[in-house]
Amino acid sequence: RKEVEQDPGPFNVPEGATVAFNCTYSNSASQSFFWYRQDCRKEPKLLMSVYSSGNEDGRFTAQLNRASQYISLLIRDSKLSDSATYLCVVNSMDSSYKLIFGSGTRLLVRP
Amino acid sequence: DAMVIQNPRYQVTQFGKPVTLSCSQTLNHNVMYWYQQKSSQAPKLLFHYYDKDFNNEADTPDNFQSRRPNTSFCFLDIRSPGLGDAAMYLCATSAPGTGTRNSYEQYFGPGTRLTVT
C-alpha cells in the first residue's frame, strides 16, 4: 500500500463549480499534512497546511479525518487559474520533517 | 524576497558525463532536500541535509551524491548519468523545530530539468 494515495483524475469541471479531492494516508502517527499545487513543468507550491480542526483560505477548505486517515480539499467557485495538479502531502513514518508526496490529482477547469 | 534558487534551470548532459546541479537559499533554513520528479509521478526524496548531517534515502542509487559546503548552498552530483536519470530535480528547504506551527512546510526552488542524450 502506498503511504499517500490520491485519485489521479483528471477532474474536468466548468468554471464556478465546486470540486473536492480526497487523499488517504497509511501512517496513523502522522502529524503534518499539507496540500501543494503544482503547475505543469513547475515546482510544487504550498497551497495550505491542514489542521485537525479544519481550515479555510478563501475558496479553499481543507479537512482532516484522523480516524479514517484521510484528508480532503474543497475548492469552491472554480477559476480557470485553478487548473493544476494538487498534491497531498504527509510527513514520513521515520521522520517528522521528511514529507511523502502523493502522485497528485489533476484538475482541469473549463470555460 | 527570501527564496530558493536553482541553477541551471535546464541542463543537457551526455550519457555517462558527470553533471552538477546547484541550489541556494536565502531563507536560512537548516534542512535542505533534493527530490527527483518524473512525469506524472510524485516527487521522490533522494537525500537531505539536516544542518551538516547528510541523510541518504535507502533506495537512492550510489550514482547520486550531494554536498553542502555551507547553510546556503547544496549541490547534487550525478556521477554517471543514465537515460533513466532524465527528470526534474527539485531542491527544497524547511526549518523544523523552530517552534512555529508551520515549521515542517517545505519550500521548493523552480527545479532543474535534466536531459540525458
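Here is the naming used below: chain letters follow the sequence lines, and residue numbers restart at 1 for every chain.
- Following chains of ILVMFWY side-chain contacts shorter than 4.5 Å, one cannot reach A:Leu108 starting from A:Leu73, and the two form parts of different hydrophobic clusters.
- Summarising the local packing, NZ of B:Lys17 is surrounded by 12 or fewer heavy atoms from other residues, nucleotides or ligands at distances under 6.0 Å.
- Of all the heavy atoms in A:Gly102 and B:Ala42, the pair that sits closest is O-CB, 3.3 Å.
- In this structure, a donor-acceptor pair under 3.5 Å is present between the side chains of A:Gln38 and B:Gln37.
- Annotation: residues 3-13 of chain A contacts chain B through no residue [non-hydrogen atoms, separation under 4.5 Å].
- Remark: B:Asp59 CG is packed, more than 12 non-hydrogen atoms of other residues, nucleotides or ligands lying under 6.0 Å away.
- Residue-environment remark: OH (A:Tyr70) stays at or below the threshold of 12 foreign heavy atoms within 6.0 Å.
- Neither the backbone nor the side chain of A:Arg106 comes within contact range of chain B; no heavy atoms are under 4.5 Å apart.
- Within the model, atoms CZ of A:Phe101 and CD of B:Gln41 stand 14.5 Å from one another, a figure rounded to the nearest 0.5 Å.
- Using a 3.5 Å distance cut-off with no hydrogens or angles, the side chains of B:Glu105 and A:Ser49 do pair a donor with an acceptor.
- Grouping the Ile, Leu, Val, Met, Phe, Trp and Tyr side chains by contacts below 4.5 angstrom, directly or via other members, places B:Val4 apart from B:Met32.
- Atom CG of A:Asn91 sits about 8.5 Å away from atom OH of B:Tyr104, to the nearest 0.5 Å.
- Between A:Tyr97 and B:Tyr33, the angle of the ring planes lies from 30° to 60°, which puts this pair in the tilted group.
- Options B:Ser39, B:Pro110, B:Ala92, B:Ser40 differ in how many heavy-atom pairs under 4.5 Å they form with chain A, and the most are formed by B:Pro110.
- Both the backbone and the side chain of A:Leu99 come within contact range of chain B, judged by heavy atoms closer than 4.5 Å.
- Note that OH of A:Tyr36 and CZ of B:Phe108 are 5.5 Å apart. Values are rounded to the nearest 0.5 Å.
- Nearest approach of A:Lys98 to B:Glu57, heavy atoms of both residues: NZ-OE2, 2.7 Å.
- Between the CE atom of B:Met88 and the NZ atom of A:Lys42 there is a distance of 9.0 Å, given to the nearest 0.5 Å.
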